[in-house]
Amino acid sequence: MENGFSSPRNNDTFPAGLRVLVVDDDPTWLKILEKMLKKCSYEVTTCGLARDALSLLRERKDGYDIVISDVNMPDMDGFKLLEHVGLEMDLPVIMMSVDGETSRVMKGVQHGACDYLLKPIRMKELRNIWQHVFRKKIHEIRDMESHESIDAVQMMRNGTDHSDDVQFLSMEDLTSVKKRKDIENKHDDKDFSDTSSTKKARVVWSVDLHQKFVKAVNQIGFDKVGPKKILDLMNVPWLTRENVASHLQKYRLYLSRLQKEKENDLKSSFVAMKHNDPKDPQGSFGLQNLMNTHQNDVVNGGYKFSVNNVLVQNVDPTNHESESIVSEPTTEPKRASASRLPDPLKTKNSQMVFNHSFAPLESEVNLTAFGSTIPTNYSWSEVPDIQFKQEHKPLIQPENGFSKLPVLDPPPHIHVDQLQSIPSISSKPTTIERGITGPIKSKPQNIEYGSNQVNCVSSTVSTIDSFQIRPDMANHQPLEPIYTNSSSMKTQIFNLSCLTDLESTQRTQTLGNGSPYVSFDDELPVLFQNDCYGMNLGLHNVEFSEYNAAGLINEVPSHLCDSLRIGYEYPCDPTEYSVIDQGLFIHSMT
Amino acid sequence: MEKNQLHRQIAVMRQSLFDQGYLDEQFVQLEELQDDANPNFVEEVATLYYRDSSRLIHNIEQALEKSPLDFHKLDSYMHQLKGSSSSIGAKKVKAECTQFREYCRTANGEGCMRTFQQLKKEYAALKRKIEAYFQMVRQAGPTETACSRK
């Protein structure tokens with residue numbers, strides 16, 4: 001399996017091949033650092049000017065894993081470079097200087113430096129820098145699940161590269177972790193290795209442009225800011241809404257990075273709970289991979305959660321098709337998942353999210369973002385096309401179940417019944433839900449929504465059934481011959497392997513490809529929830545049409561998943577509500 | 001026998017550079033980086049340092065001639081020189097850099113001048129010594145460099 005760090009290298013050799021860009025105006029240090037890094041088996045690129053470094057980074061967006069930069073450079077302040085790198089490429093940056101002054105170190109950290117090395121730099125310090133790359137990727141996974149996932153969602157909508165990067169990175173992490181931990185890698189890497197994708201041209205955010213952007217954000221107010229508004233305020237003719245939305249994501253990431261650490265506690269607790277699940281061997285398996293990656297850092301419980309849910313739900317539809325056998329396996333995993341999670345927490349979270357979402361739903365931003373999703377779809381659409389078509393049917397089934405819920409038709413499967421019962425219960429979703437287990441998770445949200453606007457949900461659900469969900473499902477089917485829970489597991493693994501393969505070609509490409517796959521499992525539940533949201537909002541019609549147009553449902557669901565996860569976690573962090581709101585928006589919109 | 005003597009001489013000379021405070025552990029770091037791919041790595045680095053730092057020193061010299069001294073600029077230059085000097089472990093030069101920057105902070109032009117003269121002296125002394133050392137190492141031949149380590 002290939003490692004994302006450098007295409008030709010094997011994952012097992014990580015961190016060998018880590019691609020390091022060293023920027024220092026001092027040629028002597030440049031030479032020494034190059035030698036040291038090479039001795040660490042890293043791939044080194046040296047650069048004497050910050051400007052050159054920036055253009056190198058812009059030319060090869062995915063050409064480097066980490067940047068080491070001197071603080072004092074004649075052509076550009078190292079802090080400035082740091083800021084650019086943080087905003088534009090989102091790479092970990094290590095600052096270095098002879099100056100150990102606290103204020104300067106602090107400044108570096110404040111600007112987002114992941115480390116601050118004092119010259120003379122020793123090789124043992126450099127040998128360890130891979131940890132920053134690794135940590136960052138883990139954080140990105142977590143972020144996706146948490147509020148930052150919203151960003152990812154937006155990005156997805158926008159169809160910008162960055163979204164791809166984020167997802168991709170997360171996938172890479174997973175894969176790398178897997179390998180490192182020798183988790184079963186038996187799934188073949190090669191299946192998707194040949195995928196190729198094209199990257200969209202990026203907008204270079206110059207300092208001026210960025211300042212305009214920041215000005216606009218400040219003018220609007222960070223809580224209310226949306227790409228469209230910013231775009232209008234910036235008044236830059238060639239800039240697109242997608243560009244702005246993407247940059248906004250990065251900007252949020254950039255800001256949130258500074259206060260990330262606070263969030264960990266709650267998340268960690270979530271994670272722990274999930275880890276404990278003894279019940280789902282299969283489902284947990286796929287999850288475990290994710291878990292493993294996260295273990296180092298506290299991962300978002302929400303993320304894992306969503307994964308579990310997703311898997312279960314996915315399984316259900318497939319099971320339906322298979323009919324008799326299906327019902328039992330699916331229910332079990334679901335229950336397990338439900339039992340793991342504290343239902344009240346979930347329900348609360350979902351509710352919280354909902355409330356937040358309602359307020360912002362009206363904003364225009366979401367709609368626009370939707371349109372943007374289409375481009376991203378194209379990139380990865382190449383790979384999975386065939387599979388999608390095949391699997392349309394299974395996807396539909398889950399949808400039907402959902403639609404039935406509001407309609408109250410007699411459900412053929414047990415799952416359906418549960419769901420139906422839920423809506424009636426809506427007033428007290430928590431207790432019932434617990435009994436219901438995994439599938440219910442999505443439901444509780446629905447129920448709550450339903451209570452708000454039952455009618456809307458029913459209508460929307462029907463519409464939803466017809467379109468996007470199927471593609472996602474389709475992917476699942478080809479991957480998983482068996483419809484049981486285990487199958488879902490396989491799909492996840494599969495996705496991971498795919499990602500690894502893809503990584504070899506290009507991160508971006510792989511990202512695109514990987515994201516859809518990954519999302520698949522997650523997507524189904526998410527979609528449902530999203531749909532429900534949309535229904536509640538009354539926006540569903542518009543969104544749906546857009547989805548159809550895109551034809552790439554996969555991405556959308558992933559977004560949704562992310563957002564859902566985020567929602568769970570968010571209740572914990574009151575500070576980030578604003579972000580959540582937006583994420584909710586997205587959900588509702590989708 | 002001759003070779004052995006040369007080795008011993010090299011070792012003594014090298015040790016004196018440390019004992020007299022011209023060099024610090026960074027120099028050992030450089031020696032450890034030397035390998036078959038870069039058999040003359042230490043010397044290359046030192047040469048690079050002297051080539052680059054002479055430019056810096058020239059800049060500082062010019063800046064010190066300006067009538068109202070631009071301490072900010074001087075400090076910035078000296079920061080560069082200090083960073084550069086740290087690369088080969090030029091301990092004494094580095095110490096002078098630190099002193100110089102201290103005077104910049106207190107806007108002590110007199111101190112800056114004095115320190116700079118001292119700095120140049122140390123800078124030149126190290127250059128002399130280290131060049132002699134490298135010359136001897138070269139005489140001893142490529143395999144001898146390994147012996148001279150540590």
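Computed from a prediction, not measured in an experiment: that's the story for all the values here. Order of the sequence lines sets the chain letters (A, B, ...), proteins ahead of strands, with each chain counted from 1.
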Hey, could you give me the [atom1]/[atom2] distance between [X] and [Y], rounded to the nearest 0.5 Å?
X	Y	atom1	atom2	result
Ile32(A)	Phe41(B)	CD1	CZ	5.5 Å
Asn72(A)	Tyr77(B)	CG	OH	13.0 Å
Leu33(B)	Met36(A)	CG	CE	4.5 Å

ask   = Got Leu30(B) and Lys35(A) here, is their nearest side-chain heavy-atom distance under 4.5 Å?
value = no

key: Contact check, side chains of Lys31(A) and Ser87(B), non-hydrogen atoms, under 4.5 Å   = no

query = For the residue pair Pro120(A) and Ser86(B), what are the closest heavy atoms and their distance?
reply = CB-O, 3.7 Å

request  = Taking all non-hydrogen atoms of both residues into account, name the closest pair between Lys39(A) and Glu32(B) and its distance.
outcome  = NZ-O, 3.6 Å

Region of Leu33(A) that comes under 4.5 Å of a non-hydrogen atom in chain B = neither

task = Indicate whether the side chain of Gln80(B) and that of Asp25(A) have a donor and an acceptor atom separated by less than 3.5 Å.
result = yes

query = Are Thr28(A) and Asp52(B) linked by a side-chain donor-acceptor pair shorter than 3.5 Å?
reply = no

Residue Asp24(B) versus chain A: region with a heavy atom under 4.5 Å = neither

note = Greatest number of non-hydrogen atom pairs under 4.5 angstrom with chain A, of Gln26(B), Arg51(B), Lys94(B), Glu44(B), falls to Gln26(B)

query = Yes or no on side chain to side chain contact (heavy atoms under 4.5 Å, CB included) for Lys82(B) and Lys119(A), after CA distance, side-chain angles and deciding distance?
reply = CA-CA 9 Å; Lys82(B) 186 185 173 188; Lys119(A) 289 177 177 175; over 6 Å; no

key: Sidechain N-carboxylate O distance under 4.0 Å for Arg101(B), Asp99(A)   = yes

query = According to the ring-ring contact (aromatic ring centres under 6.0 Å, His included) rule, which pairs have a member within residues 77-101 of chain A, sequence neighbours left out?
reply = Phe79(A)-His111(A)

ask   = Would one find more than 12 heavy atoms of other residues, nucleotides or ligands at under 6.0 Å from atom NZ of Lys120(B)?
value = yes

inquiry  = Can you tell me if Met113(B) has over 12 outside heavy atoms packed within less than 6.0 Å of its CE?
reply    = yes

